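Step one of this worksheet: look at the structure below.
Just so you know, these numbers use all the heavy atoms, side chains as well, and skip hydrogens, waters and symmetry mates. This is a predicted model, so every value here is computed, not measured. Note on naming: letters A, B, ... go to the chains in the order of the sequence lines (proteins, then strands), and numbering restarts at 1 for each one.
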2 protein chains.
Amino acid sequence: MDFKMSLDDHLCFAIYSAHHAIVRMYRPLLDPMGVTYPQYLVLLALWEQDGRRVRELGADLFLDSNTLTPLLKRMQAVGLVARRRNPEDERSVLIFLTEKGKALKAQAEGMSPCVAEAMGDDMQELAELRDRLHRLRARLDGVTQKG
Amino acid sequence: MDFKMSLDDHLCFAIYSAHHAIVRMYRPLLDPMGVTYPQYLVLLALWEQDGRRVRELGADLFLDSNTLTPLLKRMQAVGLVARRRNPEDERSVLIFLTEKGKALKAQAEGMSPCVAEAMGDDMQELAELRDRLHRLRARLDGVTQKG
DNA sequence: TGCGATTTAATCGTGCGCGATTGATATGAG
DNA sequence: CTCATATCAATCGCGCACGATTAAATCGCA
């Protein structure tokens, strides 16, 4: 049985290829905003809660400072965020949205119809897919931690 | 409603984070084999059908030569594949598994129990998740093409 | 109080993805 | 047969991811 497992039979490849398809779909929507897809995810996290530490942002996004620091510096360079040392604890760095970064939220909400059209209109199906993936991720995280 | 959409509410982020969790889960299994996760996907495609052109491999993996050429050269450098110009059409390059590349298949099949344990034992659920993702990817590819 | 252990961000090197371009080979219309 | 067009792999530049390491600040305990 394992001996006949093709690429398409693998769940891992379904996730891999769906991920890249998502990024390709978002690119033309995000390009006019001047942000990449990972940067858009950072913005989503900051629109939800501003002024977080890099560590907290990383916990939400499942990313470490080796990825986030250069990414946030690029966002700072184009004026989307400000990085300030935390006066309460000089080890940590706080990330704040600039006015430009805040303003992008409205523009991003304008993408919704395009995203909805691309993803499909079956909200039930999409929400269920999302929840199944979150459960799988949580399970994998748990196993990887212990293993 | 859109104004309260958190990171976790987004299907795109569920896919993004599940993808990275999958890669993290596979890493300790693939490291001893000396291959990366994308290289493992290439091997899956080649174990299924050997001696393909770069273009065909790319069609299966949804990757272009700008990604595949350097990746295949790295696999050639460690002796997993051979790259030969196609005598029938000198524009194309054929990719062949070496004996070492073929031998890795048995070792990869040994990962199955670990993967199964990490992913969970509900094969029905996992197969359904896989099929839903393939349908989403197909839909996104269609929309992106036309758009 | 002093000092080792811990926490935090930053840095470095490597390997993807991919938009854009290049160069070589094949194809096809006239 | 010729030359424009198409196809194919390769190349280049940039931005992630991430393992490993470093440096600074804080914490905790003797």
Is there a donor-acceptor pair closer than 3.5 Å between any side-chain N or O of D50(A) and the backbone N or O of L97(A)? yes
Interatomic distance, R83(B) CZ vs dC8(D) C1' [rounded to whole Å]: 13 Å
To the closest 0.5 Å, what do you measure between CD1 (I22(B)) and CD1 (I15(B))? 12.0 Å
Rounded to whole angstrom units, what separation is found between the CZ atom of R55(A) and the P atom of dA10(C)? 13 Å
Starting at atom CG of L68(A), determine the distance to atom C1' of dT11(C), rounded to an integer number of angstrom. 14 Å
Specify the separation, in whole Å, of atom CG of D31(B) and atom C1' of dA20(D). 13 Å
Hey, mind stepping through L71(A) and T36(A) against side chain to side chain contact (heavy atoms under 4.5 Å, CB included) and telling me if it holds? CA-CA 10 Å; L71(A) 189 154; T36(A) 65; 5.6 Å; no
For atom CG of L61(A) and atom C1' of dC16(D), their distance in whole Å: 13 Å
Is it true that a side-chain atom of W47(A) and a backbone atom of G101(A) form a donor plus acceptor pair closer than 3.5 Å? yes
Please write out the pairs of protein N or O atoms and N or O atoms of nucleotides 21-28 of chain D separated by less than 3.5 Å, giving the distance to one decimal.
residue: dT26(D); atom: OP1; partner: E90(A); partner atom: N; Å: 3.2

Which residue pairs pass the salt bridge (Lys or Arg N to Asp or Glu O under 4.0 Å) test with at least one member in residues 17-26 of chain A, sequence neighbours excluded? R24(A)-D141(B)
Measure CZ/R52(B) against C1'/dA9(D) and give the value in whole Å, please. 16 Å
How would you summarise protein contacts on nucleotides 13-20 of chain C per nucleotide, using B for base, S for sugar-phosphate only and - for none, with heavy-atom distances below 4.0 Å? --SSBBBB
N or O in side chain of K73(A) less than 4.0 angstrom from dT11(C) OP1/OP2: yes
Could you list the residues that satisfy salt bridge (charged side-chain N to carboxylate O under 4.0 Å, His left out) with D89(B), not counting sequence neighbours? R91(B)
Nearest-Å distance, OH (Y40(A)) to P (dC16(D))? 16 Å
Integer-rounded Å distance: dA9(D) P and L72(B) CG: 10 Å
Using a 3.5 Å distance criterion without hydrogens, assess whether the side chain of T98(B) forms a donor-acceptor pair with backbone atoms of L80(B). yes
I need the full list of side-chain hydrogen bond (donor to acceptor under 3.5 Å, both in side chains) pairs touching residues 60-78 of chain A, with sequence neighbours left out, sorted by first then second residue. R52(A)-D60(A), Q76(A)-R83(A)
side-chain hydrogen bond (donor to acceptor under 3.5 Å, both in side chains): which pairs involve residues 115-124 of chain A, sequence neighbours left out? none
